Structure formats: structure tokens, C-alpha cells
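Notes follow the structure.
Because only heavy atoms are used, hydrogens play no part in the values below, and waters and symmetry mates are left out as well, while side chains stay in. So that the names make sense, note that chain A is the first sequence line, chain B the second, and so on, each numbered from 1. Model, not experiment: these values are computed from the prediction.
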2 protein chains.
Amino acid sequence: MAQQRSEDTRKQIMTTAVNVFCRSGYDAAGVAEICSLAGVSKGAFYHHFPSKKTLFLAIMQQWLTEVDNRLNALRQPNVAVSDTLMQMAHTIGTVFTEASGQLPMFLEFMVQASRDKTVWEATIAPYQAYQYRFAHMLEEGKTEGSIREGEDAQAAAWVLIAFAVGMLLQGVVLPETADWETIAGRGMGMLVESMQRSNK
Amino acid sequence: MAQQRSEDTRKQIMTTAVNVFCRSGYDAAGVAEICSLAGVSKGAFYHHFPSKKTLFLAIMQQWLTEVDNRLNALRQPNVAVSDTLMQMAHTIGTVFTEASGQLPMFLEFMVQASRDKTVWEATIAPYQAYQYRFAHMLEEGKTEGSIREGEDAQAAAWVLIAFAVGMLLQGVVLPETADWETIAGRGMGMLVESMQRSNK
DNA sequence: AAAAACCGACCGATTGGTCGGTTTTTATTA
DNA sequence: TAATAAAAACCGACCAATCGGTCGGTTTTT
């Protein structure tokens, strides 16, 4: 292959950086440490990334598109919206066991987004897109019949995301404290149940 | 008063530190900057706090007891548990407008707890106490009649906390993006509604 | 006069980032 | 295919800036 080595080095830096960022956080993570663990010199690092922040943004971008793909794959036609939501809750549950090592990265994204304007702008757009997608899905559920008319799709979408975010955060801070997979399912079940029935 | 000046200095350092921690985060916040903004010398700082981490823990402790008091004040006898929960959701909503400036501190607590063992141990106990209290409250709701029998109080308590945490986090990262007060109410309404009715 | 509170210059360690030079890959010839 | 020059990738010693924390001395309170 042509520029195979260059690509390998770049990937190596990024995957190593994820681990270091997870363990130490963005600020405490040193470029020198990342380079050392990645088996790469500082020169190579700054050849691929203009700055530490650029590396962070690259990792974030990759993560956001990954999540986007997962969500796309989950939503299938001919399946009731309520069932899709339950399936999503189950997926969140599996994330705890699968990617538990990389979970703190999610926290780090939030923290940096709340502080750095550049990071925030890179986060806000996809994040709102998630909300938009959920709201759209709920509207589908209405016409389809699995979601009651009268439900405020916009607000409900935010509620769903808040719950998901809260679950992820608890999984990061309190792993092994509870059976998060079961709880994620129960919580989503409660929300879906409420959206199905007519309230009064 | 006796040691009035000393007390003033200590409070001044703590309140200033909250602002700096919120803006820059724990790692990026410099002791020198905190001292400068607080109008206090470094000598005074280290006279009151053995280290930066000690200061952080002191702030956290104060925050946790504050939350504890709020929760205690909210739970009144002779009021249905479901109503208390709705009242709590409303309180969360007001937090967004009241303490929006200090909200990022909550994020910082989570981040540090997930990384530093000392901070984690100081957080985990009160946090689980919250869950225990909610579970207990839900059990009360059962005997009282406002919560259906059969509801898993332990799991439901975690769901409630996850939702609250997620709401707070969204308020930090995306202020002014949505009417969080309304959404907090709607989400809690959904959860409470599900816990009231018998599902199937 | 003793003790507590406070001051700020100073220190070793570490940080993100730079830069002149070397090695490896690619493109272009003969 | 071999030789070669240009470009890309990589190296690591080095730097200015900043960090948390110290300490001998001064001021204020008891």
C-alpha cells in the first residue's frame, strides 16, 4: 500500500490517546506519555496532529460518526418505534460491558465541550441531530400507532436522551454498583409505557 | 468575633475556587489564579488548605450536604410520594436558572470521582445514599397507595437518579437550547405515571 | 509575648510545542 | 531495473512557560 505506514502511525496515536485520555483526562494526559505508549516520537505526533486539541477533536469526530452509524443501524422499517426504543435501551446496556474501558471518554467529551468553544461547536451539531432524529422517530410512532397522539415529541426526545446520558454517566462513575443493563431496560420501559398509553 | 478574618478568607477562597473550577476545570485551574482572584496570597491559601485537592474535597463536601438538606426539606409527610417526585422535578428545573453558573461544578465532581480514588470514595457514599433514600421513598409510596405494588423500588430509584443526572448534564452542556424546566417536569411525569398505573 | 494569619519570592518538576537533522517512501529518470 | 532526487515521515534534544507547593519572614490577633 501507498502511505500505509503513515496511516498506521496515525491510528496508533489515536487509539493510544483514547486510553490515556480515559485514565488521566484531557488536561492531565501528556503528549509525551501518549507518544511513549504509542511507540512514536514527538516529531511523528506533531507531524500528524498540529496540537493536542486537534487530536482530541479527531477522536471525538470518529466517536460521533460511530454513534451515528449505530443509531442508523438500529432503526429499521417495519418495526414498531416502541420496539426500536427498547432495542436501543438494550444496546446501551451492552455498551457497559463492551466498551466499559472507553466509556470515560464520553465524560471527557462533555467536559471539554462545556469549556472549550471549539469542542462545543463540534459537539452541539451532532448532539442536536440526535434529538431531532428521536423526535422524528416519535412522530413516526404516532402515525404508526405505537405512540399516543398528543405526546410532545420534542420534549419526549430530550427526555429519552437525558435518560440515556444519565445512564452512561452512572456507568462511568459507578461501574459494578448495579445491574445497569437491567436498569436501562426498566427505565426505557417506563418511558415507553407512558408514551403508549393516553394519560387521562 | 473571634477568628472572623480567618473564616472570611477561607470562604472567599472557596467561593472563588468554585468559579475558577467551573470555568477551567480542576486540572487547568491554577492555585495562583484562585489566589489572585480571591485577593489572597499563596501563603494564606496553603495556611487554610494543605493542597489543591483538599480544597476541592471541601467544596464537594459542602455541595453534597447542601443537596442533602434540599432533599430533606422537599420530602414532607402527608404528601403523596408521587407529588413529592413532581416537586423535585420542578426544583431541578429551578436549579437551571438559579445556580446555572455553578452547574459545571457538578460535572467536575463526576469527572474527578471517576479518576481519583480519594474523590471517588468521598462521592460514592452520599450518592448511594441518595439512591437508598429514593428507593425508600418509593416503598413508602407503595404502602401509601400512590405507587403500584410490583414496582422494583431499587431499579426505579436508579432510573430516577439517572434521569436527574442526565438533565443536569444537558443543562450544563446545552444551556438555552431547550426549556429544561418543562422537560424535567415532563420526564418526571412520564416516570411517575408509569409507576402509578399497573402495567398490564 | 505568644500564636495565628498572612505574605510573596522562590523551587524543582512537568507541560505543550519547536526545530534542525535523519530515515524512509515515492516519483522520475536512464 | 537501477540510480537518483524530491517529498513525506520520523526522530529526540531542547525551550519557555507554568504548575503545585515551600519557607523564612512580617503583620495581626489573642
Discussion item. Test ring-ring contact (aromatic ring centres under 6.0 Å, His included) on B:Phe163 and A:Phe163; report intermediate values, then the result.
Written reply: CA-CA 5 Å; B:Phe163 174 64; A:Phe163 174 64; 7.9 Å; no

Worksheet entry | B:Arg133 vs B:Asp68, salt bridge (Lys or Arg N to Asp or Glu O under 4.0 Å): CA-CA, chis, key distance, verdict | CA-CA 10 Å; B:Arg133 178 180 316 195; B:Asp68 207 66; 2.8 Å; yes

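Between the side chains of B:Tyr127 and A:Gln170, at least one donor N or O sits under 3.5 Å from an acceptor N or O. Looking at B:Thr54 and B:Ser51, their side chains do bring a donor and an acceptor atom within 3.5 Å of each other. In this structure, a donor-acceptor pair under 3.5 Å is present between the side chains of A:Gln131 and A:Gln154.
In this structure a side-chain-to-backbone donor-acceptor pair under 3.5 Å is missing from A:Lys42 to A:Ser36.
Base pairing in DNA chain D yields stems of at least 3 consecutive Watson-Crick or G-U pairs, both distances under 3.5 Å, namely C:1-30 with D:1-30.
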Response to the item:
Counting primed atoms, P, OP1 and OP2 as sugar-phosphate and everything else as base, the B/S/- map of nucleotides 2-16 of chain C against protein heavy atoms under 4.0 Å is ---BSBB-------B

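Taking atom CZ on B:Phe45 and atom P on D:dC19, their separation rounds to 13 Å, with Å as the unit.
The aromatic rings of B:Trp180 and A:Trp158 stand perpendicular to each other, their planes meeting at an angle above 60°, with 30° marking the opposite boundary. Taking the six-membered ring for Trp and thresholds of 30 and 60 degrees, A:Phe45 and A:Phe49 have ring planes inclined between 30 and 60 degrees apart.
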